[in-house]
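Notes to accompany the following structure.
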There are 2 protein chains.
Amino acid sequence: MGRNREFDVDQVLDAAVCVFWRKGYEGTSYTDLTQATGVERPALYSAFGNKEKLFRQALAHYYEHYLDYFPAALELPTSREVAAHLLFRSAELHTRYPDRKGCLYVHGALAGSDDAESIRCALINARTDGEASLRDRFERAKQEGDLPVTTNCASLAAFVMAVLHGMAVQAKAGFSRDMLEAVAEQALSTWPTGNSTLSR
Amino acid sequence: MGRNREFDVDQVLDAAVCVFWRKGYEGTSYTDLTQATGVERPALYSAFGNKEKLFRQALAHYYEHYLDYFPAALELPTSREVAAHLLFRSAELHTRYPDRKGCLYVHGALAGSDDAESIRCALINARTDGEASLRDRFERAKQEGDLPVTTNCASLAAFVMAVLHGMAVQAKAGFSRDMLEAVAEQALSTWPTGNSTLSR
DNA sequence: GCTTTTTTATAACAGTTGATATTAAAAGGG
DNA sequence: CCCTTTTAATATCAACTGTTATAAAAAAGC
C-alpha cells in the first residue's frame, strides 16, 4: 500500500549517470541532479540514499549499460582481438555523446577534496579489477601460445589500460573518434605474436 | 615605501602548487591554501588575485619547476630518445612525491562544475600545445630520416601523449615507478625506425 | 469513507565556499 | 618623528553545499 513512485528508478539513475559523467562526483550538485532527473531533492534521498550511495549506484548503472563491452572483449579468441576491441570500443564510447565525453571511471573522481576519497578509492578499485581481469586474460593467452612465453602480462595489461585512460583524457579534451582510433592503432601496431596457429 | 611582504611569493606559489596538484582546482579550498602556505586569505588575494589567477600562476610555476624536462626532451637527437625521455621522466615525476602523485596538467581540472570551465580549457590548451610541439618534433625527425616517411606524426604524438596521460591516471591510483616504467617500455617497444644512420 | 502508508513538495538546516570591509601593524621618506 | 603607503589579521559577506523536518497529496486496505 501507500502512494506510488512517480518516476522510474532506472531512468532517473541514467540521468544521474549523465551528470556525473560530465561533471564528476564533486562537480555535480544536487541542484544539477534534480534538474537533470526532474526529481526533487528529498525524493532522491529516499530512493537512493545520500550522494555517495547515489554515485555508487550510478556507477553500477554505467558499467552495465555502457561498459558492457569490457567483459565481452575478454571472451574474444586472441589477445590482440581483446585489446583491439577494448581500444576501439572505448574510442567509440568516449566520443559517442557530445555532452559527456570521456569515461566516468576515469574522471568521475580523479582529484578532489578529502571528503571524496572514499569515492576515489572505489573508482581506483574498479579500474584495478578491470586491469586484473585483462592480465588474467593475457596469462591465458600466453598459455595458449597466443602470446610469447616471455610476455609480462601485468605490464601489457597496464599498458593497454594506460592507453585507455589516456584516450579518455583526450576525449574529454575534445579529440575526435578518428583521432582516438589512430591512437588505438598505434598502440596495437606492435602487438607481440606467439607461436600458436591462433596468432597469425 | 610601505610595509614589506612577510612571505616569499615563489615559495608560497610552490606550496599552492602542491595542494592543487593533490586536490585539483575545485577540490582545493582557500582553507587548504592558507593552511599549506601559512598565508592568510586576504594576503593571497592581494598577492595573486582570485582563485583562478592563483591557479594559473601555480600552473606556470609547475611548468617551470617540474615540467622542465618536456622542452628539454625535444632537444634530443632522435625521436625515440625524445619519446623515451618524456615517458621515463614522467614516470619519475608522477611518483616522486608520495603526497602528490600524477600530473597537475592532467587531473588539475578534468571534470567539474561549470564554474571551472575556463580552467579546464586552460589545461586542455596547455596539453594541446605540448602535443603540437611533439608532433612538430616528429615531423622534423621524419625529414631527417629518423622516422619513416609513412609516419603519421600527429597520431604518433597523440599516442605518446595518451600514454603519458594514462600513466598520470595510474600514478594517482598508486602505481609504482617500476610499473609506470614497464608501461613506458611497452609503449616504446616497437618504435618505428627510419632509414637514416641516426635511427640505429 | 476513513485510516494507514508511502511519496511528494516547500522550506529550512548548519557548514563551507570564494571573496572583502575594516582595522591594526610595519616599513620607509621627508 | 610624523605621515604616507603597503601589508597583515580579524571578522564578515552572500551564495551555495549536502542533508532533513515538516506538511500536503495520493494510493491501497478494511
Side-chain angles (χ1 to χ4, degrees), chain A residues 1-13 15-17 19-20 22-59 108-109 111-120 122, chain B residues 1-13 15-20 22-59 108-109 111-122:
Chain A
M1 67 175 91
R3 185 172 171 176
N4 290 339
R5 198 163 260 152
E6 289 186 356
F7 57 88
D8 177 44
V9 170
D10 216 57
Q11 192 173 334
V12 164
L13 214 48
V17 162
V19 192
F20 282 130
R22 185 156 65 93
K23 302 190 170 189
Y25 175 67
E26 285 194 308
T28 301
S29 70
Y30 266 94
T31 304
D32 296 325
L33 289 167
T34 57
Q35 208 160 346
T37 60
V39 174
E40 294 300 328
R41 223 172 288 212
L44 291 176
Y45 274 92
S46 87
F48 304 100
N50 62 6
K51 194 184 181 188
E52 178 169 340
K53 288 181 184 171
L54 171 55
F55 183 82
R56 294 187 122 96
Q57 290 173 71
L59 208 64
S113 83
D114 294 337
D115 296 345
E117 202 181 347
S118 128
I119 292 293
R120 272 198 302 279
Chain B
M1 68 174 89
R3 184 170 172 176
N4 290 338
R5 200 162 259 153
E6 289 187 357
F7 58 87
D8 177 44
V9 169
D10 216 58
Q11 192 172 335
V12 163
L13 214 48
V17 162
C18 296
V19 191
F20 283 129
R22 186 155 64 92
K23 302 190 171 188
Y25 175 66
E26 285 194 308
T28 301
S29 69
Y30 265 94
T31 305
D32 295 325
L33 289 167
T34 57
Q35 209 160 346
T37 60
V39 174
E40 293 299 328
R41 219 172 293 208
L44 290 175
Y45 275 93
S46 86
F48 304 100
N50 61 9
K51 194 185 180 186
E52 178 170 340
K53 289 181 183 170
L54 171 55
F55 183 81
R56 294 187 123 97
Q57 291 175 69
L59 208 62
S113 83
D114 294 336
D115 296 345
E117 201 180 349
S118 127
I119 292 293
R120 271 198 302 278
C121 289

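Chain A is the first sequence line, chain B the second, and so forth, proteins listed ahead of strands; every chain is numbered from 1. Hydrogens, waters and symmetry mates are skipped; everything else that's a heavy atom, side chains included, is used.
A donor-acceptor pair under 3.5 Å links the side-chain atoms of B:K51 to the main chain of B:T28, judged by distance alone. Checked by atom type and distance alone, the side chain of B:Y25 never pairs as donor or acceptor with a backbone atom of B:R120 at under 3.5 Å. Formation of a donor-acceptor pair under 3.5 Å by the B:E26 side chain with backbone atoms of B:S113 is found in this model.
For D:dT17, the OP1/OP2 oxygens have no side-chain nitrogen or oxygen of A:Y30 closer than 4.0 Å.
Atom P of nucleotide C:dT17 and atom CD of B:E52 are separated by 19 Å, given to the nearest angstrom. Rounded to whole Å, atom P of D:dT17 lies 10 Å from atom CD of B:E26. In this structure, the CG atom of A:D115 is 12 Å from the C1' atom of C:dT17, given to the nearest Å. Atoms CG (B:N50) and P (C:dT17) sit 17 Å apart, rounded to a whole Å. Regarding B:K23, its NZ atom lies at a distance of 11 Å from the P atom of C:dG18, rounded to whole Å. Atom pair A:L54:CG and D:dT17:P shows a separation of 15 Å (rounding to whole Å applied). A straight line from CG of B:D32 to P of C:dT16 spans 12 Å, rounded to a whole angstrom. With rounding to whole Å, B:Q35 atom CD is found 14 Å from C:dT16 atom C1'.
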A:L13 vs A:D8, test: side chain to side chain contact (heavy atoms under 4.5 Å, CB included). Steps then yes/no. CA-CA 9 Å; A:L13 214 48; A:D8 177 44; over 6 Å; no
Dump the pairs, protein N or O against N or O of nucleotides 23-30 of chain C, anything under 3.5 Å, distances to one decimal.
residue : atom : partner : partner atom : Å
C:dA25  : N3   : B:R3    : NH1          : 3.1

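B:R5 contributes atom CZ, which lies 5.5 Å from atom OG of B:S46 (distance to the nearest 0.5 angstrom).
Heavy atoms of B:T34 sit nowhere under 4.0 angstrom from any nucleic acid atom. Across all strands shown, A:S113 has no heavy atoms under 4.0 Å from either base or sugar-phosphate atoms.
With sequence neighbours left out, the ring pair (Phe, Tyr, Trp, His ring centres under 6.0 Å) criterion links A:F7 to no other residue. By the side chain to side chain contact (heavy atoms under 4.5 Å, CB included) test, A:A111 is found to be paired with B:H107, B:K172, residues two or more places apart in sequence or in another chain being considered. Every residue two or more places apart in sequence or in another chain that forms a ring pair (Phe, Tyr, Trp, His ring centres under 6.0 Å) with B:F20 is listed here: B:F55.
Contacts of residues 39-47 of chain B with DNA chain D (heavy atom under 4.0 Å): B:E40, B:P42, B:A43.
Here the side chains of A:L44 and A:V12 are in contact, with some heavy-atom distance below 4.5 Å. Side-chain atoms of B:T37 and B:Q11, non-hydrogen and from C-beta on, never get closer than 4.5 Å to each other. Within the 4.5 Å cutoff, no side-chain heavy atoms of B:D115 are placed close to those of B:E52.
The strand DNA chain C forms stems, runs of 3 or more Watson-Crick or G-U wobble pairs with distances below 3.5 Å, at C:1-30 with D:1-30.
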